[in-house]
Amino acid sequence: MRTPARPTARVSLAAGTSTPASGSRTGFSDFHVLQGGFTLGPVVLSGVGDRLLIPETGLYILLLTASTLSSYGHAAVVEANGTTALASAVGPASAGVARHTACALVSLTEGDWLALLHDGSAQYEFGATKTELSAIMP
């Protein structure tokens, strides 16, 4: 069943690779799925990309996929409003390609914003089916 008014988004930074500094954030630039009012807001604090703005108050399922090409041990944390950790994809040191996921059911308020906070050091691969976030109101 298709419900076009229900907020649903799948977002990432533009395709490419990057090694975000520990403590920095990445936002988003590309929608791969978009319905129900999601938009991008201002650039994230201490990082690159834009904030994902929550269009409606309610429960959301968040699914984070983090794709790395190498890592010294890392975490990508979905963060609300620059202060609240909602889900974390954690990976150990690795010289090879790896994928880590995190899923959470969270309560968000219209106007909240989401971004990824990085901890540790890893070379991430960004883009569709790489490092991306899905937010779905069930």
Side-chain angles (χ1 to χ4, degrees):
M1 175 170 51
R2 202 162 164 85
T3 53
R6 182 177 295 159
T8 301
R10 189 174 133 228
V11 291
S12 71
L13 273 179
T17 60
S18 179
T19 305
S22 188
S24 70
R25 290 178 179 84
T26 54
F28 311 98
S29 59
D30 297 345
F31 281 101
H32 308 294
V33 172
L34 174 61
Q35 72 175 34
F38 275 101
T39 58
L40 295 178
V43 173
V44 297
L45 309 169
S46 71
V48 297
D50 299 328
R51 302 168 187 193
L52 179 64
L53 300 178
I54 300 301
E56 197 173 312
T57 298
L59 294 176
Y60 286 83
I61 298 169
L62 302 180
L63 175 60
L64 170 64
T65 301
S67 294
T68 58
L69 299 175
S70 63
S71 173
Y72 291 99
H74 67 279
V77 180
V78 180
E79 198 178 50
N81 305 317
T83 58
T84 306
L86 302 175
S88 181
V90 179
S94 170
V97 174
R99 249 176 116 85
H100 306 283
T101 59
C103 187
L105 178 64
V106 299
S107 179
L108 295 169
T109 302
E110 180 180 348
D112 284 350
W113 58 270
L114 304 179
L116 304 182
L117 175 66
H118 297 279
D119 186 40
S121 179
Q123 183 180 27
Y124 288 85
E125 195 171 14
F126 291 98
T129 74
K130 304 297 181 188
T131 298
E132 64 176 21
L133 176 66
S134 295
I136 303 156
M137 180 178 263

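Residue indices begin at 1 and follow the sequence shown. No hydrogens, no waters, no symmetry mates; every other heavy atom, side chains included, goes into these values.
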With hydrophobic residues grouped by side-chain heavy-atom distances under 4.5 Å, do [X] and [Y] end up in a single group?
{"X": "Leu105", "Y": "Leu62", "answer": "no"}
{"X": "Leu133", "Y": "Val48", "answer": "no"}
{"X": "Val78", "Y": "Leu40", "answer": "yes"}
{"X": "Phe28", "Y": "Ile136", "answer": "no"}
{"X": "Val44", "Y": "Val77", "answer": "no"}

Enter the distance from [X]:[atom1] to [Y]:[atom2] here, rounded to the nearest 0.5 Å.
{"X": "Gln123", "Y": "Thr68", "atom1": "CD", "atom2": "OG1", "value": "9.0 Å"}
{"X": "Phe38", "Y": "Leu53", "atom1": "CZ", "atom2": "CG", "value": "9.5 Å"}
{"X": "Leu114", "Y": "Leu86", "atom1": "CG", "atom2": "CG", "value": "6.5 Å"}
{"X": "Thr57", "Y": "Leu108", "atom1": "OG1", "atom2": "CG", "value": "8.5 Å"}
{"X": "Asn81", "Y": "Asp112", "atom1": "CG", "atom2": "CG", "value": "4.0 Å"}
{"X": "Leu13", "Y": "Asp50", "atom1": "CG", "atom2": "CG", "value": "9.0 Å"}

Side-chain (Ser22) to main-chain (Gly120) donor-acceptor, under 3.5 angstrom: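 Yes, Ser22 side chain to Gly120 backbone: donor-acceptor pair under 3.5 Å.
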
Which atom of [X] lies closest to which atom of [Y], heavy atoms considered:
{"X": "Val90", "Y": "Ala75", "result": "CG2-CB, 4.0 Å"}
{"X": "Arg6", "Y": "Gln35", "result": "O-NE2, 3.0 Å"}
{"X": "Leu64", "Y": "Ala76", "result": "CD2-O, 3.4 Å"}
{"X": "Ala102", "Y": "Ala89", "result": "CB-N, 3.9 Å"}
{"X": "Pro92", "Y": "Ser71", "result": "O-OG, 3.6 Å"}
{"X": "Pro20", "Y": "Thr26", "result": "CG-CG2, 4.2 Å"}

With a 4.5 Å heavy-atom cut-off, do [X] and [Y] have their side chains touching?
{"X": "Val97", "Y": "Ser67", "result": "no"}
{"X": "Thr39", "Y": "Pro55", "result": "no"}
{"X": "Arg25", "Y": "Leu117", "result": "yes"}
{"X": "His32", "Y": "Ser12", "result": "yes"}

By side-chain hydrogen bond (donor to acceptor under 3.5 Å, both in side chains) - contacts of Thr131 (at least two apart): none

Modelled atom types, side-chain donor and acceptor of Ser134 and Arg10, under 3.5 Å: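 Arg10 and Ser134 do not have a side-chain donor-acceptor pair below 3.5 Å.
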
Residue pairs involving residues 81-118 (criterion ring pair (Phe, Tyr, Trp, His ring centres under 6.0 Å); sequence neighbours excluded):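 Every ring pair (Phe, Tyr, Trp, His ring centres under 6.0 Å) pair that includes a residue of residues 81-118, provided the two are not neighbours, is His74-His100, His118-Tyr124.
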
Partners meeting salt bridge (charged side-chain N to carboxylate O under 4.0 Å, His left out) with Arg51 (sequence neighbours left out): none

Heavy atoms of other groups near Phe31 CZ, more than 12 under 6.0 Å: yes

